[in-house]
Amino acid sequence: MAQLPSAAVDFARFLAGLTARLDRRSGWLAVFLERDPDGMGACLAGSELPPWDVVDALLQDLAADQGAAAARTEAAAARALHAAATAAHDGGPGAAAALARRLDVMLRERRYTAERLQELTAHRATATTEEAAAALDVDLAWAEDDHRRATARCAELRARADALAAPATPAPPPAAPERPTSQAKPRKRPRGGARFAGIAEEAAEPAGPAPVAPAPAAVRGARFAGVAEPAGEPAPPRPGPEEARAAGDAVARLHALRAQGRGGEAHVLLAELAGWPAPRLPLLAAELHRAGLEADWATLLWEVATLPPAALVAAADALAAAGRGADARQLLRQGVARPAPEIADALHLLTGDGRERQARALAGAYLAVRSPEDAAGVARSDPDRLVPLLLDAARGVSEERHWDLVHAFRVAGVLA
């Protein structure tokens with residue numbers, strides 16, 4: 001431990017002191033120890049940093065055992081020490097690459113938990129006995145918790161990656177994760193499922209080229225991706241009254257599900273809404289904000305970011321055309337957090353279908369947040385087609401990015 005940064009040591013000591021005050025046989029601590037004993041041990045040793053939602057859950061245990069006042073006293077110290085340890089971990093060599101790999105893992109975990117929620121909800125709707133329904137209710141509660149934690153961890157990792165990409169800009173603290181309405185102990189669940197800190201899964205991932213997130217370049221020219229619009233390109237279709245009614249009805253259903261505490265069904269509905277036609281997305285945004293469901297809008301954006309690239313670009317285009325440029329840029333930043341081969345496949349598909357504007361938009365978004373070296377990895381699969389496309393898109397980001405890309409392509413041997 002002496003070789004670890006002092007901030008990591010300080011947080012590990014705090015975490016050890018906190019867990020020493022808790023009952024290891026019950027509560028969230030028991031869940032974490034059962035589901036991922038090695039990961040929890042690494043966090044207690046200081047070699048790994050637990051996601052904030054794990055720390056928050058342990059504070060809930062403390063509140064249940066020793067009262068809310070004790071938990072409030074420790075929460076402020078936990079926040080400060082966790083932030084300092086995060087900075088220490090992210091200040092080491094290779095931190096940007098490690099964060100990018102872990103974000104890829106957590107995005108896949110988030111997609112899996114959303115699919116699991118949808119599957120369990122469908123089974124619950126067809127349950128024929130009270131016993132089966134009760135068992136499925138327990139599974140649904142755990143699946144919702146897994147999905148909520150995966151969503152929070154994606155946001156936390158993205159914030160850390162953004163802070164590394166723009167070190168001169170102070171990073172905002174994570175939006176605190178949703179707290180349960182009561183401090184009841186979690187029910188015991190079977191071993192397995194999502195591991196609590198996303199640590200072991202990363203080790204199983206192929207290393208691939210180490211991505212280094214660059215400082216975001218100034219974008220220009222495009223509505224949302226720094227890509228010049230081709231002359232005569234039609235704007236995205238504007239939604240009509242029917243789409244407006246559908247969006248209003250959907251948000252009313254979502255609001256009712258939230259009011260009734262039916263969170264699992266609410267998540268399934270959000271996953272369904274993510275697949276709606278792109279012109280309806282700005283309407284959903286407006287209705288969700290009007291209903292006070294801003295957190296659900298953030299979740300919906302994450303769901304849309306996992307769509308196939310063509311649908312992702314169409315959604316971002318619709319948001320930008322409706323004046324929601326910040327949401328469009330956020331959506332694309334989330335959507336390009338994919339391995340280079342996936343981006344390459346998407347660009348092949350779009351250009352092969354004659355959708356040049358969408359291909360340029362996706363390439364521009366990728367180049368705005370990923371390194372030139374990452375882009376060289378994308379181009380390597382088909383230099384003849386992808387090198388001109390990426391270089392053209394880079395000019396729409398900035399001249400500096402264009403010349404950086406030329407250099408990276410030459411170093412990688414994909415450009416003479």
Side-chain angles (χ1 to χ4, degrees), residues 1-25 27-63 65-66 70-106 109 149-150 152-164 167 170-174 176-177 194-205 207 210 213:
M1 184 175 287
Q3 298 178 352
L4 295 171
S6 60
V9 174
D10 290 342
F11 181 77
R13 286 173 177 161
F14 169 85
L15 192 65
L18 175 61
T19 55
R21 300 167 64 183
L22 303 176
D23 184 353
R24 300 171 72 89
R25 299 165 299 178
W28 288 111
L29 177 58
V31 172
F32 298 149
L33 289 171
E34 180 183 10
R35 298 178 79 188
D36 191 6
D38 293 338
M40 194 66 189
C43 293
L44 290 169
S47 57
E48 289 288 349
L49 184 69
W52 175 253
D53 70 273
V54 171
V55 184
D56 186 68
L58 296 176
L59 291 170
Q60 293 174 40
D61 280 356
L62 185 65
D65 288 347
Q66 301 180 23
R72 281 196 299 269
T73 299
E74 298 295 342
R79 275 283 185 192
L81 291 168
H82 189 267
T86 298
H89 276 273
D90 294 350
L99 284 173
R101 290 195 299 270
R102 191 163 294 181
L103 179 58
D104 284 343
V105 172
M106 286 312 305
E109 178 67 22
R149 291 185 187 280
R153 292 167 195 181
C154 286
E156 185 176 346
L157 289 167
R158 170 58 65 191
R160 290 168 63 183
D162 287 348
L164 280 182
R195 294 169 70 95
F196 88 94
I199 294 169
E201 291 93 329
E202 181 194 357
E205 292 298 307

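Just so it is clear, the model here is predicted, and its values are computed rather than measured.
Here CD of E156 is found 10.0 Å from CG of L99. Values are rounded to the nearest 0.5 Å. In this structure, CG in L62 is found 11.0 Å from CD in Q60, a value given to the nearest 0.5 Å. Summarising the geometry, atom CG belonging to L15 is positioned 12.5 Å from atom CG belonging to D10; distances are rounded to the nearest 0.5 Å. Here the CD atom belonging to E74 is positioned 8.5 Å from the CD atom belonging to Q66, to the nearest 0.5 angstrom. Between H89 atom NE2 and R160 atom CZ the span is 7.5 Å, to the nearest 0.5 Å. Taking CZ of R153 as the reference point, atom CZ of R149 lies at 6.0 Å (rounded to 0.5 Å).
Here the closest non-hydrogen pair linking A45 and A12 is C-CB, 4.1 Å. Minimum heavy-atom separation, L59 to A71: O-CB, 3.6 Å. Between A150 and E109 the shortest heavy-atom distance is CB-CG, 4.3 Å. When all heavy atoms of L103 and C154 are compared, the closest pair comes out as CD1-O, 3.7 Å.
H82 meets the ring pair (Phe, Tyr, Trp, His ring centres under 6.0 Å) test with F11, W52; sequence neighbours excluded. Under the side chain to side chain donor-acceptor pair (under 3.5 Å) criterion, R158 pairs with no residue at all, not counting sequence neighbours. Applying the side chain to side chain contact (heavy atoms under 4.5 Å, CB included) rule to A7 yields the partners A84, A88; only residues at least two apart in sequence or on another chain are considered.
Side-chain contact check for F32 versus L58: some heavy-atom pair is nearer than 4.5 Å. Using a 4.5 Å cut-off on side-chain heavy atoms (C-beta onward), L29 and D23 make no contact.
For the pair D61 (side chain) and W28 (backbone), a donor-acceptor distance under 3.5 Å is present.
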